[in-house]
Amino acid sequence: MSDIIQPRVLKGFRDSLPSNEIRRKHIQSVLEHTFELYGFVPIDTPVLEYTEVLLGKGGGDTDKQIYRFTDNGGRDIAMRFDLTVPFARFMAGHAPELYLPFKRYHIAKVFRGENTQRGRYREFMQCDFDIVGVDSAAADFEILLLKARCFEHLEVPDVRFHVAHRGVFNRFLNKLGAADRSVEIMRAVDKRGKIGDEEVRNLLVETVGSSAADELLAYIRPETTNAATLTAITRLAGGDGEDTQRLGTVLEWSDKLGLSDRVVLDPSITRGLDYYTGIVYESFFPQLPQIGSVCSGGRYNDLASLYTKQHLPGVGSSIGLDRLMAALEEIEKLPHARSGVDILVLCMEERLIGRYHEIAEYLRSAGMRAEVYPDAKKLSAQFAYAEKRGIPIGIICGSIEADSGVMNIKNLETRESEEQLSLEEAAGKARAILQRKSHQNYGA
RNA sequence: GUGGAUGUAGUUCAGCGGUAGAGCACCAGAUUGUGGAUCUGGUAGUCGCGGGUUCAAAUCCCGUCAUCCACCCCA
């Protein structure tokens, strides 16, 4: 008979149902709005790139679990695994047409063939924002400020932004005589938040010996205040420098702009990615240590040098939208899924459907989102439909009302109805209900 | 990629060699123009997929796909 193809999807790839997609788009639009408030402009780049562009000249790091294949024209091709590397290529190619400093945001899917877990997929949405063309505390700080405002606008409670500086850390490693093992050291140090001081020390003892391990531990352990931490790492790194001064400036401005409750100078933050050269950022939900980093980034002054001789310093950060949503779901802070429709015109009789569309068109022209139920099903079924869709208002108009040109309006949440209203009156009532609702949302 | 756990009705799960079950959800009726209660009745499944052992497999074995957890890495 019929051989049905299984409607399956690949490991780590997912469909997004309306309830999820509505929430995702809401979060996305809040972020876009916030970026634009700060003068960031949108861009897009291709999903596919030449493999050499994504992997750099060596092309050897298969570590990155990149999706790679040969196209029908024999080209060596890969799918982007982040938005920062394609952005560096983008800047190298388009700098003459643009202006500096250039501030962009980019929300798009990226692909990594890694093993899956909750909040960790093979196809996921990243949201990057970067400032290119200046190497200054101003840009480093603006990224931090923007991160904080994004999470504020999303009404995410309890986010901590941890910052550190690669340059200071490298000075310290040089002084320690361990610069040659910096990769292993940074990996171990980065785990402090997860496994604790003892375990980190055990790892460090293996690579650098116990006395150096103790010095490293002293360096990465934050003091009780950011100022004290800065003083400590400045001393351990061999004194004041351009890097520690910049870190101090960023912290000072964070205080001034009211971020001091959220910004933590945390020298154990190093970031695994090797292209960072200056400040690095990492974000945590203290309630959800297992969910991993939701927003991280840093300064990369040499990234574009792979593709151009022009010096293009940059600083930026990336929000993992899918992981953010997984985290919000966990703490039940996701915005309630709404259909996006405000009013349902119920169908009492088929022959009145033309009238229903007139009503709906009037409501739409008054700026409200309306839809007509397309079938004269029993009312309970229509109410159930409205409830499932989260539609807050119903308009009911049977033959008696239609004959005298009136209708009833029902607040589907309180179940109160008002009868015998003209179209204009009904529209006014609907608007009042919606306004009350949106006030409640802001209040909560 | 490595190690482990789990896949049974729309959903949450029970059953763990002998005829596939429950709650919730869903559908119908009590209620032919106003849904959240109650009652009555009903639908509900290739037991993830493929192979093997057995008189007999949801149950045991192997493979495979997917999800979750840890590692790795990171968003």
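Residue numbers start from 1 in every chain, and the chains themselves are labelled A, B, ... in the order their sequence lines are given, proteins ahead of strands.
Within 3.5 Å, no donor on the side chain of A:Glu413 pairs with an acceptor on the base of B:G36, nor the reverse. Within 3.5 Å, a donor on the side chain of A:Arg323 pairs with an acceptor on the base of B:C74, or the reverse.
The phosphate of B:C73 (OP1 or OP2) has no side-chain N or O of A:Gln65 nearer than 4.0 angstrom. Between B:C71 and A:Lys191, no contact under 4.0 Å exists linking OP1 or OP2 to a side-chain N or O. Phosphate proximity of B:C74 to A:Arg112: absent, as no side-chain N or O sits under 4.0 Å from OP1 or OP2. Between A:Thr116 and the phosphate of B:U67, there is a side-chain N or O to OP1/OP2 separation shorter than 4.0 Å. At the phosphate of B:U34, neither OP1 nor OP2 sits under 4.0 Å from any side-chain N or O atom of A:Ser417. For A:Lys194 and B:C71, the shortest distance from a side-chain N or O to OP1 or OP2 is below 4.0 Å. Listed pair A:Arg118 / B:C69 meets the phosphate criterion, a side-chain N or O lying under 4.0 Å from OP1 or OP2.
Annotation: B:A30 and B:C47 have their C1' atoms spaced 37 Å apart (nearest Å). When the P atom is compared between B:U54 and B:A14, the two are found 31 Å apart, to the nearest whole Å. The separation of B:G29 from B:G18, taken at their P atoms, amounts to 41 Å, rounded to a whole angstrom. Distance noted for atom P between B:G33 and B:G50: 49 Å (whole Å). Between the C1' atoms of B:C26 and B:C60, the separation comes to 36 Å (whole Å). Spacing of P atoms, B:G23 relative to B:C39, comes out at 12 Å, to the nearest Å. Nucleotides B:A22 and B:U32 place their C1' atoms 35 Å apart, quoted to the nearest Å. B:G7 and B:A58 have their C1' atoms separated by 11 Å, with the value rounded to a whole Å.
Projected onto RNA chain B by closest heavy-atom contact, A:Val9 and A:Glu419 fall at different nucleotides, the more 5' of which corresponds to A:Glu419.
Counting to the nearest Å, the C1' atom of B:U32 and the CD atom of A:Glu349 are 12 Å from each other. B:C74 atom P lies 18 Å from atom NE2 of A:His162, rounded to whole Å. Computed from coordinates, the A:Arg122 CZ to B:C73 P distance equals 18 Å when rounded to whole Å.
Between A:Phe172 and A:Tyr219, the ring-plane angle classifies as parallel under the 30° and 60° cut-offs.
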(request) Dot-bracket for RNA chain B, please, read 5' to 3', with Watson-Crick or G-U wobble pairs under 3.5 Å on both distances, ( ) within the strand, [ ] crossing, | other strand, . unpaired. (result) ((((((((.[[[[.)..(..]]]].(((((.......))))).....[[[[[..)....]]]]])))))))....
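Heavy-atom neighbours of A:Asp15 CG from other residues, nucleotides or ligands within 6.0 Å: at or below the threshold of 12.
Judged by distance alone, the side chain of A:Tyr307 and the main-chain N or O of A:Ser305 form no donor-acceptor pair under 3.5 Å. Side chain of A:Asn408 to backbone of A:Gln420: a donor-acceptor contact under 3.5 angstrom is found.
Ion pair A:Asp82/A:Arg80 not flagged as a salt bridge, since none of the NZ, NE, NH1 or NH2 atoms sits closer than 4.0 Å to an Asp/Glu carboxylate oxygen. A:Arg104 and A:Asp128 are joined by a salt bridge, as a carboxylate oxygen and a charged side-chain nitrogen come within less than 4.0 angstrom of each other. Between A:Arg299 and A:Asp243 no salt bridge is recorded (no basic side-chain N to carboxylate O distance below 4.0 Å). Between A:Glu413 and A:Arg436 there is no salt bridge, since no side-chain nitrogen of the basic residue lies less than 4.0 Å from a carboxylate oxygen of the acidic one.
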Tabulate atom names and distances for all N/O pairs under 3.5 angstrom spanning the protein and nucleotides 2-9 of chain B.
unit_1, atom_1, unit_2, atom_2, d
B:U2, O4, A:Asn115, ND2, 2.9

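Within the 4.0 angstrom heavy-atom criterion, no nucleotide atom of any strand lies near A:Asp82.
The heavy-atom pair separating A:Ile319 from A:Cys295 by the smallest distance is CG1-SG, 3.7 Å.
With a 4.5 Å cut-off on side-chain heavy atoms, A:Arg14 and A:Val9 do not count as touching.
Note: A:Phe161 and A:Phe151 meet the aromatic proximity criterion, with ring centroids under 6.0 Å apart.
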